[in-house]
Amino acid sequence: MYVMKARKTLIITAFVAVLFSCGPRKKAAAPVNQTRDFPMAEIPMMITEPSERMVWLGQHFWDRFTATDSLYFCDSLTVNGVPREQLEKQMGLFASILQEIPLADGVRSMELFYEHLEAFQMAKPAGNVLPQTVAMATRYFYDPNSPVRSEDLYLPFVTQLAASALIDPDYRMGYEWDAEKCALNRTGTKAADFVFVDTEGRRRTLYGVKAHRILLIFGNPDCTACKEIQETFTQYPELSAQIADGTLKVVDIYIDEDIELWKARKAAYPASWINGYDPTFSIRTDLIYNVRAVPSLYLLDENKTVLLKDAVPEKVLQALL
């Protein structure tokens, strides 16, 4: 259904000027209703460690954009003075930054992000900052086709949306649902166990699979991206060696209802993988996992703790190689 391409070197190229800038510079205040470039946060000079600068940038990325000293021009193509297309790129940069810092710091960055948006909307209710920016954040952090998606990072953001008096009650119900689903199988928690039937017709459980690392894939035999993942992973001798010695096991589970389709295609799966289907459809119907599109990849440790949740293939490869 979809293929994630390798992330571009956005961070490397975009961060050079920001991470190693000379610090704050005084600028003349822009008049009300003037358009502007996105006002990048300027990292204090006393923060010199690159990783610390990255964390600081993630937590202060939106400070100047949501400053309430002036209200800039707003329309369907301009958000608080910043052209919408430019703001989209900044949202992508923000999401990429949070992918590179510790998860706890990224979670705090998302909490601060929403707090800034809400404070701005309360101070400047005539602006379009909250609805436009929320829509962009949802696309980048929660759309299943986003290469920088992260339910772990979207969870604190959508939880605040669900509780905000500034959000229409009808929308809050949807956000509550999304928050509930994002909370399933979070990184650092134990993955939910389930029953599946393998290619030999045996009933097995996820927790019955023993290995140092388990790559859990929710896929479909007719999914083009699923086939490409199979081809990609079989190209790495290191992964083949891990599978051969039992330190890594790949568990590919079909969760849709056309079991006969899966049985007709099961020979196409790699023989070294553990392949099966959900006989009760509980993974999808009971929402044990929040599978919004396939393929959906989870990396688990030997105790079934989630190391990566709904990760793009590149991140899985990076963790295993």
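One-based numbering along the sequence shown. As a basis for the values below, the full set of heavy atoms in this structure was taken, side chains included, without hydrogen atoms, waters or symmetry mates.
- In this structure, the ring of F218 has its center less than 6.0 angstrom from the ring center of Y289.
- Interatomic distance, CZ of F120 versus CG of L166, reported as 12.5 Å (0.5 Å rounding).
- Both I255 and I274 belong to a common hydrophobic cluster when Ile, Leu, Val, Met, Phe, Trp and Tyr are linked at side-chain heavy-atom distances under 4.5 angstrom.
- Heavy-atom minimum distance, G92 versus Y140: CA-CE2, 3.3 Å.
- Here Y114 contributes atom OH and T66 contributes atom OG1; the two are 13.0 Å apart, rounded to the nearest 0.5 Å.
- Between R149 and D143, none of the side-chain N atoms (NZ, or NE/NH1/NH2) sits under 4.0 Å from a carboxylate O, so this pair counts as no salt bridge.
- Using a 4.5 Å cut-off between side-chain heavy atoms of Ile, Leu, Val, Met, Phe, Trp and Tyr, with links allowed through other members, V158 and W177 fall into different hydrophobic clusters.
- By the 4.5 Å heavy-atom criterion applied to side chains, E260 and K263 are counted as neighbours.
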Steps toward side-chain contact (heavy atoms from CB on, under 4.5 Å) verdict (L112, W62): CA-CA 9 Å; L112 291 169; W62 301 97; over 6 Å; no
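- Under the 3.5 Å distance criterion, with hydrogens and angles disregarded, no donor-acceptor pair is assigned to the side chains of D301 and H212.
- L184 places none of its side-chain heavy atoms less than 4.5 Å from the side chain of I288.
- Across all their heavy atoms, V148 and S96 have their closest contact at CG1-OG, 3.8 Å.
- Checked for salt-bridge contact, E115 and R108 meet the test: a charged N lies under 4.0 Å from a carboxylate O.
- More than 12 heavy atoms of other residues, nucleotides or ligands lie within 6.0 Å of CZ in F281, so this atom counts as buried by the packing criterion.
- Residues Y277 and K266 form no side-chain contact, since every pair of their non-hydrogen atoms from C-beta on lies 4.5 Å or further apart.
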Under the criterion side-chain contact (heavy atoms from CB on, under 4.5 Å), I'd like the reasoning laid out for F157 against F141: C-alpha separation, chi angles, the key distance, then a yes or no. CA-CA 10 Å; F157 187 80; F141 287 95; over 6 Å; no
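- Contact detail for A137 and F113: the closest heavy-atom pair is CB-CE2, 3.9 Å.
- Remark: side-chain polar atoms of N80 are paired, donor with acceptor, to backbone N or O of F65 under 3.5 angstrom.
- Residue V312 is not grouped with residue L321 when hydrophobic side chains (ILVMFWY) are merged at heavy-atom distances under 4.5 angstrom, including chains of intermediate members.
- Using modelled atom types, no side-chain atom of T78 and backbone atom of G81 make a donor-acceptor pair closer than 3.5 Å.
- Few gaps surround CD on Q235; more than 12 heavy atoms of other groups in view lie less than 6.0 Å from it.
- The side-chain heavy atoms of K304 and D193, taken from C-beta on, include no pair separated by under 4.5 Å.
- Geometric assessment of R64 against the ring of F38 yields a negative cation-pi assignment under the 6.0 Å and 45° thresholds.
- No donor-acceptor distance shorter than 3.5 angstrom exists from the side chain of D256 to the backbone of D258, with no hydrogens or angles considered.
- A salt bridge links R265 with D222: at least one charged nitrogen is closer than 4.0 Å to a carboxylate oxygen.
- Here D278 does not pair with R284 in a salt bridge; the nearest charged N to carboxylate O distance is not below 4.0 Å.
- When side chains are defined from C-beta on, N290 does not count as touching N185, because their heavy atoms never get closer than 4.5 Å.
- The ring of Y207 has its center no closer than 6.0 angstrom to the ring center of F194.
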Residue pair Y175, T159: steps toward the side-chain contact (heavy atoms from CB on, under 4.5 Å) verdict: CA-CA 7 Å; Y175 290 134; T159 299; over 6 Å; no
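- Ion pairing between a basic and an acidic side chain is recognised when a charged N comes within 4.0 Å of a carboxylate O; K309 and E151 show such pairing.
- If you take CD1 on I101 and CG on L57, they are separated by 8.5 Å, rounding to the nearest 0.5 Å.
- Looking at heavy atoms from C-beta onward, L320 lies in side-chain contact with L299 at the 4.5 angstrom threshold.
- In the hydrophobic cluster analysis, where Ile, Leu, Val, Met, Phe, Trp and Tyr join through side-chain heavy atoms closer than 4.5 angstrom, L215 is grouped apart from Y254.
- The residues R186 and D152 are annotated as not salt-bridged, no charged nitrogen and carboxylate oxygen being separated by less than 4.0 angstrom.
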Would you please test V79 and V129 for side-chain contact (heavy atoms from CB on, under 4.5 Å) and show each step? CA-CA 6 Å; V79 184; V129 169; 4.2 Å; yes
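- Side-chain contact check for N275 and D198: no donor-acceptor pair (N or O, by modelled atom type) lies under 3.5 Å.
- Side-chain atoms of K249 and Q242 include no donor-acceptor pair closer than 3.5 Å.
- A salt bridge links E88 to R139: at least one charged side-chain nitrogen sits closer than 4.0 Å to a carboxylate oxygen.
- For the pair D252/Y269, a side-chain contact is recorded, criterion being any heavy-atom separation below 4.5 Å from C-beta on.
- A donor-acceptor pair shorter than 3.5 Å can be found between the side chains of E118 and S164.
- Q132 and R84 share a side-chain donor-acceptor pair at under 3.5 Å.
- Using modelled atom types, one finds a donor on one side chain and an acceptor on the other under 3.5 Å when comparing Y154 with T138.
- With rounding to the nearest 0.5 Å, the separation of OG1 in T232 from CD in E314 is 8.0 Å.
- We find the OG1-CG distance between T305 and L300 to be 8.0 Å, quoted to the nearest 0.5 Å.
- Hydrophobic clustering of Ile, Leu, Val, Met, Phe, Trp and Tyr side chains at less than 4.5 Å, counting indirect connections, keeps W262 apart from V294.
- Note that CG of L287 is 8.0 Å distant from CD of E180, once rounded to the nearest 0.5 Å.
- Minimum interatomic distance between F196 and L206 (heavy atoms only, all atoms of both residues): CE2-N, 3.9 Å.
- Annotation: cation-pi pair R36/Y72 present, NZ/CZ under 6.0 Å from the ring centroid and within 45° of its normal.
- Residues T280 and T285 have side chains not in contact (no heavy-atom distance under 4.5 Å, counting atoms from C-beta outward).
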